Student: 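This is the structure I have questions about; it appears just below.
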Amino acid sequence: MSENPAASAFYAPVAQANIAERIYLNSSTIQSHALDEKEIKRQRALFVRTAVMDGLADRLKMHGAIALVGAKGSGRRITAINLLAEIGLQPREVPLDEDDAGELLGPPNMGYIVYADDLASRPKPLRACIGSARERGLPIVIRVTPDVWRRIYIDGVPEIAVVPARALDIFNRHLALSLGDMAAREWTVIPGIIECLRSAGPRDAVRLTDLVEEAMAKAHGLTERPVNEVLQAYSNWEEELERVFSVGTHDDEHKEGRSRALRLSAAILEGSGPTSVFVAARELSDVLDLSPETGHGLVGPSTRKRLEDISAHYDDGRVVFSRTAFASSTLDFVWTHWPQLHDDLRQWFRRLAQKLPNDGSLIADRVADLAIRQRHFGLLNSLATGYLDDPGTFDLGVALLTRAATSDELGRAARRMLYDWSRNTPTRHSAVVAACSSQLAEAFPRVALTRLKHVAINNDVNIQKQLVAALIHLASKPQLRRDVLDELVRWLNPSAPEQRRTAAAEALLNILQLRDLDDGHLLMLVDTDPRWRQVLSDAWRSLLKSPVSEEAVLAGMCQWLEAAAQAEASLSTVVAVLGSVPRSAINESVLFRAIYGWIRETSGEAVVSRETIFHQVIDGIVAVSRSATRESMSLALLMKNEEQEEQADE
């Protein structure tokens, strides 16, 4: 028998194990996704309207801020999304952590959903957030639990108690959207389903919908509804797993341990190939000091029979469990019943990522989901930091942190850690930049940009390159452009640290020159909204006072002018933006030199007359200038021309 106590417990019946408090979570984990048009449309289709919505829009318009007060999982988020969307606003989510209250920046058509659940007792961040929103006329819907609201109550913000819709109605709506109205009706009249949802909450209804969808997919077109399968999956297969792990199937203890290792490997790698699953089982056996199989498995039952013994099978070259949601239930069961194995499992997860690089993303997803379901940030944190220390698994560490940071369950802890790293741990800045330029930024732009702002004072050349590339990447996404440009203009404030101003200037200049890979059009000129034009004018004006050389800024402006000449950009937008850039005689002079240099030095055919563009931009400058006239600019042109001729003669 092995001397490893954890291994001994693993191959002993579960009744003899050192069992911790059994935790079976019936609530689905919630991940925040970017609220783009597609996601908002989905949220509106899934919404079960309740009396809470009556008069809610009028109260929001009257007060500018309202608090949706209710327990977690009561439907506050989907209510807020639908409220803002119904009054024609673009919803944007902002998690508000204790020391991370970012200023709200946005156009008038934006409405913010502020998460205040994580504010322990200090109302200051929420007050600052509300003040920022009211200053810009941006409506705020606060999502907060009753106990937190009692501690941080803000005068003048109406409180609306959120009463969740019936779980059965939510189940029916979700199922109708995925499987159709007829299938939804058939499921909602089943006594077992009705009883299951009688005391359930919205999240439980959503989880049950997911289980029905998976069970129907695994049924491969069978007409009989797998009701019992779904209900057992809803209870996390507790009875089945108690039976499997309480009764030994082998006389040899090591053989029993290896069988359980195979079951756990299939759970962490379900959907991968059999080779990966058996390699993982061998690695876990090695971690637990279990004796190796004779002939590495060649002796004994076939692979098919071994998989059948753990209720799994082949499906198009992949190992899958025959039962719905059996993989996640197995992982939860083992994590809960064998706490003495936690360190060994962490070691195993790290080794698997190195041993099976092609399965790395799958492993990261499964581990992240396990940690979130178990509310165990320590598991995710230790594994993520271990992955980050190895270049080969760095991306997996970032994926784990990102998944946690966008979750309801571990989001605050993960976002807090990224915040601390951005301010105090330069060695982790690469991870911060990578995490804040992916799904985290799409879901919570303010969170990501705040952390990138702190990274921007790092003097490391490589970090600065990564940061600039990340900002350019974020600005290439239409839903993030306004946030990124507004943020970079703020970074270019003369009082900001020089490193941050340098990074912002380089990123902003590159962003303004981004082109569509398909048709070559300038991306920042796709939107012709007058409000967007003002953002672009502010960006060019900030660049004129930035660390970037004047020549580089002028070259960028010339690209815009030539894009208009070649009909690759809206002429009216180019004229409106560049014409409104100057706010001083110095700005006027610089811009005039750019326009003059472009028309003088650019040759070749043009779709739109360059002379026409030249005069229109000049007229735009004159229209808003307090001092410039066409005559003064003509004189400047003559003087500039004479200066260049003199230089040529020399």
Side-chain angles (χ1 to χ4, degrees), residues 492 505-516 519-526 528 533-650:
L492 284 171
E506 182 180 351
L508 189 54
L509 185 59
N510 279 278
I511 288 168
L512 291 172
Q513 298 175 75
L514 278 176
R515 290 184 178 269
D516 188 289
D519 58 22
H521 284 64
L522 287 163
L523 286 180
M524 297 304 116
L525 292 175
V526 172
T528 58
R533 293 175 178 178
Q534 186 57 52
V535 174
L536 295 175
S537 293
D538 292 342
W540 280 117
R541 191 178 306 113
S542 297
L543 281 173
L544 289 174
K545 297 180 291 183
S546 76
V548 171
S549 68
E550 185 177 290
E551 289 74 14
V553 176
L554 298 185
M557 290 180 171
C558 289
Q559 277 204 31
W560 276 35
L561 293 165
E562 187 58 24
Q566 301 301 334
E568 296 172 350
S570 165
L571 173 59
S572 61
T573 301
V574 170
V575 169
V577 171
L578 295 183
S580 61
V581 167
R583 290 286 175 85
S584 67
I586 295 177
N587 288 164
E588 291 169 2
S589 174
V590 171
L591 186 58
F592 181 71
R593 290 204 305 275
I595 303 168
Y596 170 68
W598 164 70
I599 196 172
R600 184 175 186 273
E601 298 170 9
T602 307
S603 58
E605 295 184 0
V607 178
V608 180
S609 165
R610 294 188 181 92
E611 185 176 346
T612 298
I613 298 173
F614 175 85
H615 288 300
Q616 287 190 16
V617 176
I618 295 299
D619 288 343
I621 296 173
V622 171
V624 298
S625 175
R626 295 180 179 178
S627 58
T629 63
R630 291 190 62 84
E631 290 74 19
S632 65
M633 290 196 171
S634 297
L635 178 60
L637 171 59
L638 178 62
M639 293 173 62
K640 183 67 177 178
N641 195 31
E642 291 176 350
E643 177 185 338
Q644 290 182 338
E645 289 177 354
E646 290 176 1
Q647 291 176 348
D649 291 339
E650 293 177 358

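In this text the structure is predicted, and so the values were computed from the model without any measurement.
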Student: To the nearest 0.5 Å, what is the distance between CG on Asp619 and NE2 on His615?
Tutor: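 The CG atom of Asp619 sits 8.5 Å away from the NE2 atom of His615.
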
Student: I'd like to know whether Asp516 forms a side-chain contact (heavy atoms from CB on, under 4.5 Å) with Glu568, so could you lay out the CA-CA distance, the side-chain angles of the two residues, the decisive distance to 0.1 Å, and finally the verdict.
Tutor: CA-CA 10 Å; Asp516 188 289; Glu568 296 172 350; over 6 Å; no

Student: Kindly indicate, with the supporting measurements, whether the criterion side-chain contact (heavy atoms from CB on, under 4.5 Å) is fulfilled by Leu525 and Leu536.
Tutor: CA-CA 9 Å; Leu525 292 175; Leu536 295 175; 4.0 Å; yes

Student: If we ignore angles and hydrogens, is there a donor and acceptor under 3.5 Å between the side chains of Gln534 and Asp538?
Tutor: yes

Student: At what distance, to the nearest 0.5 angstrom, does CD of Gln513 lie from SG of Cys558?
Tutor: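 Output value for this atom pair is 10.0 Å.
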
Student: Got a sec: does the CD of Glu611 have more than 12 other heavy atoms crowding it under 6.0 Å?
Tutor: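 Counting other residues, nucleotides and ligands, CD of Glu611 stays at 12 neighbours or fewer.
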
Student: Could you report the tightest heavy-atom contact between His521 and Ala569, atom names first, then the distance?
Tutor: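 For His521 versus Ala569, the nearest heavy atoms are CD2-N, 4.3 Å.
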
Student: Distance check, rounded to the nearest 0.5 Å: Thr612 atom OG1 versus Ile599 atom CD1?
Tutor: 8.5 Å

Student: Is there side-chain contact between Ile618 and Phe614, with heavy atoms separated by less than 4.5 Å?
Tutor: yes

Student: Could you walk me through whether Ser580 and Ser537 pass side-chain hydrogen bond (donor to acceptor under 3.5 Å, both in side chains), step by step?
Tutor: CA-CA 6 Å; Ser580 61; Ser537 293; 2.7 Å; yes

Student: Taking side chain to side chain contact (heavy atoms under 4.5 Å, CB included) as the definition, give me every residue that meets it alongside Glu562, ordered by chain and number, with sequence neighbours left out.
Tutor: Ala565, Gln566, Trp598, Thr602, Arg610

Student: Would you compute the distance between atom CD1 of Ile613 and atom CG of Leu561 and round it to the nearest 0.5 angstrom?
Tutor: 7.0 Å

Student: Tell me, do Arg533 and Ser572 make a side-chain contact under 4.5 Å, heavy atoms counted?
Tutor: yes

Student: Rounded to the nearest 0.5 Å, how far apart are CG of Leu571 and CH2 of Trp560?
Tutor: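 Answer for the CG-CH2 pair, Leu571 versus Trp560, is 13.0 Å.
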
Student: Would you say the side chain of Val574 lies within less than 4.5 Å of the side chain of Leu522, judging by non-hydrogen atoms?
Tutor: no

Student: Can you find a heavy atom in the side chain of Ile621 that is under 4.5 Å from one in the side chain of Phe592?
Tutor: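 No, every pair of side-chain atoms sits at 4.5 Å or beyond.
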
Student: Working to the nearest 0.5 angstrom, can you tell me the gap between Leu514 CG and Leu509 CG?
Tutor: 10.5 Å

Student: With a 4.5 Å limit on heavy-atom distance, are the side chains of Val590 and Val553 in contact?
Tutor: no

Student: So, for Pro547 and Leu492, which heavy atoms are closest and what is the spacing to 0.1 Å?
Tutor: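 Of all heavy-atom pairs spanning Pro547 and Leu492, the closest is CD-CD2, 4.2 Å.
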
Student: Of all the heavy-atom pairs spanning Leu591 and Met557, show the shortest one and how long it is.
Tutor: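 For Leu591 and Met557, the tightest heavy-atom pair comes out as CD1-SD, 3.3 Å.
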
